[in-house]
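Encoded as structure tokens, the structure appears first; notes follow it.
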Amino acid sequence: MPNTDDEGTMTPGGVLQTPKGVHDILPNDHEYYTYIKKVVRHRLRQAGFRRISTPMFEFTQLFQRAIGNDTDVVSKEMYTFQDKKGRSLTLKPEGTAGVMRSYIQNNMQALPQPVQLYYIEPHFRYDRPQKGRYRQFWQLGFEIVGESDPALDAQIIYLANLINKDLGIADLFTVQLNSIGTPESRKEYMRVLQDFYFDKERSLCELCKTRLKTNPMRLLDCKEENCRILAQIAPKISEYLDAESKEFHEDLKEYLTELGIKFVENPYLVRGLDYYTKTVFEFWDKTEGAQNAIGGGGRYDGLVELLGGKPTPGSGYAAGVERIVANMKREKIRVPHKDVIHVFIAQLGKEAKKKGLSLMSDLRDAGVKTMASLGKDSVRTQLGLADKFGAPYTIIIGLTEVREGVVIIRDMKVGTQKTVPFDEIVDVVIKLIGKQNLDTYSAGELTYE
Ligand code: AMP
């Protein structure tokens with residue numbers, strides 16, 4: 001790590017650095033991101049989800065209304081700024097609020113319900129940077145909107161677990177599950193909590209003292225030692241759930257058991273955002289617990305209405321991609337990737353370069369991943385480069401080869417060479433690397449109305 005000044009903006013030598021808490025995703029890490037995106041797309045497409053992207057920034061009001069003013073995210077962690085006309089905008093700290101705003105704005109209520117959407121996007125929170133905690137991080141998430149049934153929540157948890165399984169990390173996590181009931185049943189519970197904490201206020205942290213007045217349920221997931229001890233003897237929400245929420249929760253547990261999903265009932269799980277109703281869940285690290293949670297979600301039946309739409313139920317999940325990658329690396333999981341070169345073209349002289357250029361595009365069109373040295377280096381230097389790029393074969397074209405209409409192909413591992421007629425070389429290369437390894441372009445055929 002280079003030395004950085006206090007602000008972390010540059011090294012003493014004046015070289016600019018990234019701001020604190022953000023990071024580059026370098027090519028080696030992109031192998032993981034690409035693979036994760038593939039798994040997510042594959043599993044969600046199988047289940048009928050479609051992809052959505054919402055803007056990086058929205059009106060601040062959206063998050064204040066959806067997430068709640070006294071949550072950590074809204075009160076401390078948002079990147080909020082004014083644009084040139086003085087409007088307050090915020091970089092999105094989470095995905096659901098924007099997706100629901102879009103659902104209303106684009107009249108998705110008129111579509112067959114439920115509407116199933118997924119996203120993989122960067123998000124922004126002014127968090128204290130530490131292991132697994134960044135100021136820009138990627139989240140994958142998915143939502144089922146327009147229907148309310150515990151079977152849908154079970155589906156979401158099942159899919160989240162399936163994605164973790166495909167990525168080789170499911171066994172590292174436990175599903176923590178709770179119901180925080182309907183807003184009505186919660187009102188009574190909040191009164192009971194306020195009574196419970198009434199004579200214990202002095203032992204609470206400063207933030208919890210204020211939360212006690214605005215949203216006492218937040219006290220249950222405070223990480224401060226004293227607050228945690230008190231939370232453990234506080235009344236539990238399960239005793240105050242209304243009949244409907246109770247039945248919903250019991251059904252959900254039955255469905256999860258049917259689907260073979262193990263879960264841990266956690267009466268202290270409330271999630272950090274205000275919009276949840278009934279089901280809440282998180283995937284906790286088996287050794288580090290909530291600290292290294294990989295994802296979480298729940299039901300948010302009141303959210304669309306809160307944003308000005310017709311009452312519409314919904315349920316969803318979001319997971320942190322950086323944390324997924326860190327866990328995959330911790331487990332020493334390697335992902336298949338396609339960033340390999342099949343062939344390197346070395347050439348000598350202008351005529352050879354001309355031949356090399358057209359051969360390069362023919363090979364690429366056939367799906368052969370091809371690089372070429374287009375400078376003026378010696379053949380020996382170019383062969384050295386081919387080795388460094390890890391190309392298993394090098395095609396060499398010099399003046400003699402141009403004159404005779406042939407090329408030389410060299411097996412870089414064995415060191416053998418043979419001469420091949422120019423118009424046969426593409427087929428020869430395809431045979432050597434195997435049809436199944438070609439990187440062919442298959443976007444599908446265009447059709448016209
Ligand atoms: P949340 O909805 O806040 O529980 O976030 C869902 C998931 O996103 C978490 O379980 C983390 O995996 C990830 N996440 C949240 N905040 C951050 C952050 N600041 N840096 C990296 N990942 C994060």
Side-chain angles (χ1 to χ4, degrees), residues 18-25 29 32-33 36 40 54 63 66-68 70-79 90-100 118-143 156-157 159-161 163-164 167 169-170 172-178 180 217-218 220-223 266 268-277 279-300 303 314-330:
T18 51
K20 242 189 189 167
V22 298
H23 59 101
D24 300 310
I25 305 172
D29 275 342
Y32 287 89
Y33 279 70
I36 293 166
V40 168
T54 61
F63 304 114
I67 304 171
D70 49 70
T71 57
D72 281 358
V73 171
V74 171
S75 64
K76 294 191 288 192
E77 297 170 1
M78 295 210 300
Y79 274 96
T90 293
L91 298 183
K92 59 177 168 185
E94 60 92 52
T96 306
V99 173
M100 289 308 108
Y118 76 96
Y119 57 85
I120 303 189
E121 305 264 310
H123 293 82
F124 307 85
R125 289 186 196 172
Y126 199 81
D127 250 330
R128 197 149 46 97
Q130 49 188 296
K131 184 179 138 250
R133 204 164 278 286
Y134 306 100
R135 289 181 173 169
Q136 178 182 331
F137 56 97
W138 283 71
Q139 270 187 345
L140 62 91
F142 45 97
E143 324 277 355
I156 288 195
I157 296 173
L159 284 168
N161 190 56
I163 288 168
N164 286 344
L167 296 172
I169 56 171
L172 304 178
F173 299 93
T174 58
V175 178
Q176 306 281 316
L177 186 68
N178 193 18
I180 55 170
M217 276 176 67
R218 284 274 94 75
L220 299 180
D221 71 346
C222 179
K223 310 281 179 299
N266 181 344
Y268 306 110
L269 188 73
V270 297
R271 301 275 297 136
L273 320 169
D274 272 359
Y275 53 58
Y276 288 107
T277 47
T279 311
V280 288
F281 64 92
E282 280 183 4
F283 283 76
W284 281 13
D285 187 294
K286 277 185 182 161
T287 47
E288 291 178 50
Q291 273 306 317
N292 190 23
I294 202 125
R299 176 156 287 285
Y300 45 81
L303 180 56
S315 191
Y317 170 74
V321 180
E322 278 79 359
R323 290 196 195 174
I324 293 177
V325 173
N327 278 287
M328 290 175 80
K329 286 186 177 171
R330 202 174 67 182

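Atoms within each ligand, like the ligands themselves, are counted from 1 in listed order.
- Between Lys329 and Glu322 there is no salt bridge, since no side-chain nitrogen of the basic residue lies less than 4.0 Å from a carboxylate oxygen of the acidic one.
- No side-chain donor-acceptor contact under 3.5 Å links Asn292 to the backbone of Glu288.
- Between Ile294 and ligand 1, at least one pair of N/O atoms sits closer than 3.5 Å.
- At least one cation-pi condition fails for Lys286 and Phe173: the charged atom is not both under 6.0 angstrom from the six-membered ring centre and inside a 45 degree cone around its axis.
- Residue Ala293 has at least one N or O atom closer than 3.5 Å to an N or O atom of ligand 1.
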message: Could you go through Phe283 and Tyr317, starting from their C-alpha distance and side-chain angles, then the distance that decides it, and tell me whether this counts as ring pair (Phe, Tyr, Trp, His ring centres under 6.0 Å)?
response: CA-CA 10 Å; Phe283 283 76; Tyr317 170 74; 5.6 Å; yes
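- If you look at His123 next to ligand 1, there are no close heavy atoms at all, none under 4.0 Å.
- Remark: among candidates Gly320, Gly132, Pro93, the nearest residue to atom 21 (C) of ligand 1 is Gly132, based on non-hydrogen atoms.
- Residue Arg125 has at least one nitrogen or oxygen atom sitting less than 3.5 Å from a nitrogen or oxygen atom of ligand 1, judged on distance alone.
- In terms of protein heavy-atom proximity, atom 20 (N) of ligand 1 is nearest to Tyr134 N, 2.8 Å.
- In terms of protein heavy-atom proximity, atom 23 (C) of ligand 1 is nearest to Phe137 CD1, 3.5 Å.
- A salt bridge does not link Lys20 with Asp127: none of the charged nitrogens is closer than 4.0 Å to a carboxylate oxygen.
- At a heavy-atom cutoff of 4.0 Å, ligand 1 is contacted by no atom of Val73, backbone or side chain.
- Distances from ligand 1 to the non-hydrogen atoms of Arg135 include no value under 4.0 Å.
- A donor atom on one side chain and an acceptor atom on the other are found under 3.5 Å apart for Glu143 and Tyr300.
- The local environment of OH in Tyr126 is sparse, with at most 12 non-hydrogen atoms from other residues, nucleotides or ligands closer than 6.0 Å.
- Between Gly295 and ligand 1, an N or O atom pair is found at a separation short of 3.5 Å.
- Listed by number with element, the atoms of ligand 1 under 4.0 Å from a non-hydrogen atom of Arg271 are 1 (P), 2 (O), 4 (O).
- The closest side-chain donor-acceptor pair between His23 and Gln136, if any, does not fall under 3.5 angstrom.
- Ligand 1 places these atoms under 4.0 Å from at least one heavy atom of Gln139: 5 (O), 6 (C), 7 (C), 8 (O).
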